[in-house]
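Here the structure comes first, spelled out in structure tokens, and everything after it is commentary.
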There are 2 protein chains.
Amino acid sequence: MKKKPTMQDVAAIAGVSTATVSNVINNTKNVSEGTKRKILEVIESLDYIPNNLAKSLKMRDTKLIGLLISDIANPFFPPVVRGIEDSLAENGYNLILCETNSDSNLERENLRVLLSRRIEGLMVSLAGSEESHFENIDTPLVFFNRVPVSDQYNKVQVKNFKAAYVGTTHLIGHDYKRVAILAGPQHLNVGRDRLFGYKEALLESGREVDSNYISIREFTVAEGYQGMKELMNQDPKPDAVFTSNNALTLGAFQFLKDAGYRIPQDIAFLGYDDTQWATIVDPPISVVRYPMYEMGQAIGAMIIGLVRSRGQEPSRTIAFEPELVVRKSCGC
Amino acid sequence: MKKKPTMQDVAAIAGVSTATVSNVINNTKNVSEGTKRKILEVIESLDYIPNNLAKSLKMRDTKLIGLLISDIANPFFPPVVRGIEDSLAENGYNLILCETNSDSNLERENLRVLLSRRIEGLMVSLAGSEESHFENIDTPLVFFNRVPVSDQYNKVQVKNFKAAYVGTTHLIGHDYKRVAILAGPQHLNVGRDRLFGYKEALLESGREVDSNYISIREFTVAEGYQGMKELMNQDPKPDAVFTSNNALTLGAFQFLKDAGYRIPQDIAFLGYDDTQWATIVDPPISVVRYPMYEMGQAIGAMIIGLVRSRGQEPSRTIAFEPELVVRKSCGC
DNA sequence: TTGAAAGCGTTACCAT
DNA sequence: ATGGTAACGCTTTCAA
């Protein structure tokens, strides 16, 4: 790990000034063929790689974008991160990834670190319902997935209300009488909105909302399992269920299989997110899904746009439409 | 997006020098209570956040580690990235993520960018079999998953040979007569070693290696599907199969279900990697797995260690043991 | 206890 | 076409 060569070194050996070296590297001025070749040779022979820190300091830009999410191992994130990355790479930006483990304090700390690194933009899926630390940031900011309610922010969302509404309505269309829901935490907009969509669907079709068929749970597999179990302890049992998140879906499905229920004969099942395993289980499950990769691309494109426009634009929100994928678990 | 306050600004307003400000921020020298408080107040009121670029430039360190992988959407990566992140965060390092899409050229380009950002260490899962661009890097380097063969590098691996050996041996122990394998690309060590382990297991138990039961495939779901199909076209059909990668496993399973084969009655099935869906399919599948999160932690710890020791240490390789998880698909 | 100033590796303005 | 040099925002030595 010897000291890395600098532009000074290159200049000295090539017998020119750093200004000239800089100019050939960045193609920013005409340099005679001769000296250019000479400089390139020296760069090659020294294995010189420009120091971007110095450049960034001088230029006041870093080509660095931050990503703040709860946990990359949540199957929702990988495809969207992929979309984000592609979209950033296309524009010459790099991604710096921070995980919060859904802890708002960690989120705040990570935010500070990212800002001190002078990221040019930040994409965040909120850790919790606390969002005050984002208030006076003057770095371009886009929220996605778990977003704040305020309209002052840029967001890439999913139509949570509609997803649940569409799903529940589909189940009602099959004439199931007791449609249950495994809902998420009510302090998160994604939890609230989906439960709301479920209720609205019920109401609109003239049904009653029966709290016995509503199980409010954390978004984890274990909670999905437990929640489904409790739902099936109701008397009479629900004859259909909408699970409003991928982890809940997995847990609920697991319980129903373990307990020997037949799907959809004993209970119709409508899941959330089109995960890899949706098609290979028995029966293949119907789900409400979003185009995750495309959402990622949109998120990336939005942050790049904001960076380029220097945050002059009014805040926007893009909301993706849910899509109902019908397979065999809902009784179609 | 007004100009951000600098340490100069803080110093001027507080009526002290930048040296003193620096000292209170970093706790690097005694500063009298009075001036310290004063400075902290100014920092607070200005919303001053130190510029880490300048600091890094001066200090010659960035607290930045690079990660170069093919595709975060490959289900193998998220848990290991999580482990890596945790281990880096614990030590005050941030992660910069680059995807290569398994393209060696992109890998080389990304490598240059990362080096120009003066990352302190780099973790890579190779894009392909080309690795020459890593040769003269004097940045601490650890390979994982897809690693080069040369011993000159630090690696965190998996015992690929053993994984296939253990899996195949288990199948043989059930006395299946025609054990097939869905193997990976032979230009990758992970593909080669696993096929080799399969063959060795066969040979050691006195069986013959029959190339009709070996299907060499890219590591994708579609190839797994197609490969399994061709395997089942052999006459006689195989009565057991080991799928040597998670994507191949998914594709193969899918085909067998689609084609109506019963597992394990018609064909015993042993998969690779303990993915989320392994337990909820019918039957739950037996797999060979690795502790991915722990591997991630080990990778992170290794790179931190190298950074701290300034690459003085001889190169090491850590190899994780495969674990056989027996469920219902292998006929146990 | 505090401060002046050099230096980290670039870029870009202004000369030549 | 080329070069001298100030400046980017910080840390740290040396002096006061």
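Lettering of chains follows the sequences in order, A, B, ..., and the numbering in each one begins at 1.
For residues 19-34 of chain A, no residue pair satisfies the salt bridge (charged side-chain N to carboxylate O under 4.0 Å, His left out) rule, not counting sequence neighbours. Applying the salt bridge (charged side-chain N to carboxylate O under 4.0 Å, His left out) test to every pair with at least one member in residues 103-119 of chain A, sequence neighbours left out, gives no pairs at all.
At least one donor-acceptor pair closer than 3.5 Å links the side chain of Asn154(B) to the backbone N or O of Arg316(B). Remark: side-chain polar atoms of Lys155(A) are paired, donor with acceptor, to backbone N or O of Val149(A) under 3.5 angstrom.
Among the atoms of the strands shown, only primed sugar atoms or phosphate atoms (P, OP1, OP2) are found under 4.0 Å from some heavy atom of Gly15(A).
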Can you build the contact string for nucleotides 10-16 of chain C? Use B for base contact, S for sugar-phosphate-only contact, and - for no protein heavy atom under 4.0 Å. BBB-B--
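In this structure, NZ of Lys36(A) is placed 14 Å from C1' of dT2(D), rounded to the nearest angstrom. Taking atom CG of residue Leu53(A) and atom C1' of nucleotide dG7(C), one finds them 15 Å apart after rounding to whole Å. As a whole-Å value, the separation of Leu57(A) CG from dC10(D) P is 9 Å. Whole-Å rounding puts the Asp9(B) CG to dC10(D) C1' distance at 13 Å.
Among Leu122(B), Asp138(B), Ile137(B), Asn110(B), the single residue meeting the side-chain contact (heavy atoms from CB on, under 4.5 Å) criterion with Leu115(B) is Ile137(B).
Remark: Phe143(A) pairs with Phe134(A), Tyr153(A) by the ring pair (Phe, Tyr, Trp, His ring centres under 6.0 Å) rule, at least two apart or across chains. Partners of Tyr93(B) under the ring pair (Phe, Tyr, Trp, His ring centres under 6.0 Å) rule, at least two apart in sequence or in another chain, do not exist in this structure.
Considering only side-chain N and O atoms, Lys3(B) lies under 4.0 angstrom from the phosphate OP1 or OP2 of dG9(D). For the pair Ser56(B) and dC8(C), the criterion of a side-chain N or O lying under 4.0 Å from OP1 or OP2 is not met. Between dT11(D) and Arg60(B), no contact under 4.0 Å exists linking OP1 or OP2 to a side-chain N or O. Between Thr20(B) and dG3(C) there is a side-chain polar atom (N or O) within less than 4.0 angstrom of OP1 or OP2.
Contact annotation: the side chain of Cys98(A) approaches that of Asn94(B) to within less than 4.5 Å [non-hydrogen atoms, C-beta and beyond]. Within the 4.5 Å cutoff, the side chain of Asn101(A) has no heavy atoms near those of the Ser70(A) side chain.
Over its length, the helix from dT1(C)-dA16(D) to dT16(C)-dA1(D) turns its helix axis by 40°, as judged from the five terminal pairs at each end, rounded to 10°.
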